Structures are given as C-alpha cells and as structure tokens.
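So that the names make sense, note that chain A is the first sequence line, chain B the second, and so on, each numbered from 1. Keep in mind that the numbers below use all heavy atoms, side chains included, and drop hydrogens, waters and symmetry copies. Just so you know, these numbers come straight off a predicted model, no measurement behind them.
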2 protein chains.
Amino acid sequence: MGLTKSEFFTEEQNEIAAIAKVLGHPARIAILEFIIKLETCVCGDLVKDIGLAQPTISQHLKELKKVGIIKGTIEGTSVCYCIDEEKWDSIKNKFNNFLNKNATENCCS
Amino acid sequence: MGLTKSEFFTEEQNEIAAIAKVLGHPARIAILEFIIKLETCVCGDLVKDIGLAQPTISQHLKELKKVGIIKGTIEGTSVCYCIDEEKWDSIKNKFNNFLNKNATENCCS
DNA sequence: CTTATTAATCGTAATATTGCAATAAATAAA
DNA sequence: TTTATTTATTGCAATATTACGATTAATAAG
C-alpha cells in the first residue's frame, strides 16, 4: 500500500513523526546545518556546497518549508532561506519531551 | 532513482538522518511510547494496542531493532522488547546537539 | 527588448516504504 | 506427537521518495 494509516495514531505521534521524517534525509540535515552555520541568509550556494543538482536541492527546501522549519524570502533573483526560530524551538521542545519520556531503568537493564 | 546519495554527506549527517528516518513513522513512535509506558517488557500486546496487522508491527519492530533503539529477548513463545538505554541516550545527545546548533538570532528575525 | 541569472516546476526513472494475507518457524501445552 | 500460541518471513500491491534533465518563471543587467 505505501500509505501510512495516520488515523491509528494521536495528533502528537503524527506530528513528531512528520518532523522526524523531514529530518530523515542527510541532504536536509546538511541544508539546515549550512543555513545555521552562515548565521545569515542563504541563496543558491547550497547547490555548490552540497553536490546534488539544483532541482533536487529545491525539492528538499520545499520539504523543509512545508513543515515550517525554514522560510524563504525573495531577494532579487535569488531567495533568502533561513530558520524559523519559533518553529525550531517548538521542534526542540517536542523532541526533548519525547526523548525524556524514557526512564533510565527497565526490565532488561 | 530513489537512492539517497549518502557519500555526499558526513558520517554525522547520515547518522542523525538514519535515526530520524526510523522515528519518521507514527507507528514506530507509538511502539516506543508503548514500550516506555509499560516500564516492562512487551510481548504481543502491541498488535492489540495499535490497530495494525501483526506482520506490519513485526516489520516496524525490525526497523527499530536495526538502528538499535530496541532489543528483543525471547521468552517462551513470545518476545520481550525493550529500549536499549545506552542507544537511547546517545540518540538524545545527538538530537540535542543538532537542535542546539541553531543560535536564536538570524538575519530574518 | 534581449540576455543572463536564479530558483521553481514538470515529467520521469529508479528505488524505497507501507501494509497485509499467507505461510513458516519455534516453543509450550495437552 | 499433536495442537495452540506467538512472532518472523515471504511475496506482493499500492504509494512515496529521491534524483535529475528539461523547461518555465521571474527579476536583473545590458
């Protein structure tokens, strides 16, 4: 089928999975790290930095935009991408919350 | 193509993406939460709790085992699954590290 | 207006993922 | 040994993802 049965899960579970899914590709991790590293807006240097073709990078940027991690503003012929700080913080909270659910002991340890 | 070009990225980028990818499905989030909630070993209650078919759950468990988040020990006819605490902590560190890379200011804020 | 430059979109091929029915494997119980 | 019980594996269909060439859209420069 290839179709996730989202209706079986809670809103929260679907949400964290959706974010994790977007982070689940090294190109998108690399893009985010690149944007963060520059501490300023990025235009088209991503294609040069990462080895992938321009349409591929554009597609990954679209994915990142779709979940709201980054936002892009047009600047002449190029586009300025940067982290959406609010969204980033909310993601950080969600992951922290999830990862802290686990106690340090269980039956197998 | 459908084939990720891992050789374009650093070990670290591939690693965090691989973990995020596994977390990128609500069923696997639900499975982890269920195991954690019980604070004890889980056998086959997952199938009842989550609505998916047994082979589907088994497949998701396999994915989780593959990256080492959970481990399973055989107990009679059933299998006891639990979190690999060490791996969990390392994942927590990796995500924290990644999510803390972002400063709170940039050109767009 | 014409010509770069830059990024998005379209179309498509290759591969991966999701889900499940059917079946197998492995142990426990009778 | 036979029969449950429980989980894993196989095989397959439907859908999603990844990547890129070709093209389009939009602005800038000449």
Select base, sugar-phosphate, or nothing to describe what B/L52 touches, counting heavy atoms under 4.0 Å on all strands. sugar-phosphate
Side-chain heavy-atom pair A/L52, B/F9 within 4.5 angstrom cut-off: yes
Measure from the side-chain heavy atoms of A/K21 and tell me the nearest of C/dT18, D/dC20, D/dA16. D/dA16
Nearest listed nucleotide, side chain of B/P55, among C/dA22, C/dT9, D/dA19: C/dA22
For D/dT6 and B/Y81 - does any side-chain N or O of the residue sit under 4.0 Å from the phosphate oxygens OP1/OP2? no
Are any of the side-chain nitrogens in A/K94 or A/E11 under 4.0 Å away from the carboxylate oxygens of its partner? no
Send over the distance from B/I74 CD1 to D/dT5 P, rounded to a whole Å. 20 Å
Look at A/T77 and D/dA26 and indicate whether a side-chain polar atom (N or O) is within less than 4.0 Å of OP1 or OP2. no
Between the base of D/dA8 and the side chain of B/Q59, is there a donor and acceptor pair under 3.5 angstrom? no
Side-chain N or O of A/T56 closer than 4.0 Å to phosphate OP1/OP2 of D/dT18: no
Looking at A/K5, does any N or O in its side chain come under 4.0 Å of the phosphate oxygens OP1/OP2 on C/dC20? yes
Do A/L99 and B/N96 have side chains that get closer than 4.5 Å, going by heavy atoms? no
Is A/H60 near enough to D/dT17 that one of its side-chain N or O atoms lies under 4.0 angstrom from OP1 or OP2? no
Rounded to the nearest 0.5 Å, how far does CD1 of B/I70 lie from NZ of B/K87? 13.0 Å
Taking for each residue the nucleotide of DNA chain D bearing the nearest heavy atom, is the 5' side occupied by A/K66 or by A/A53? A/K66
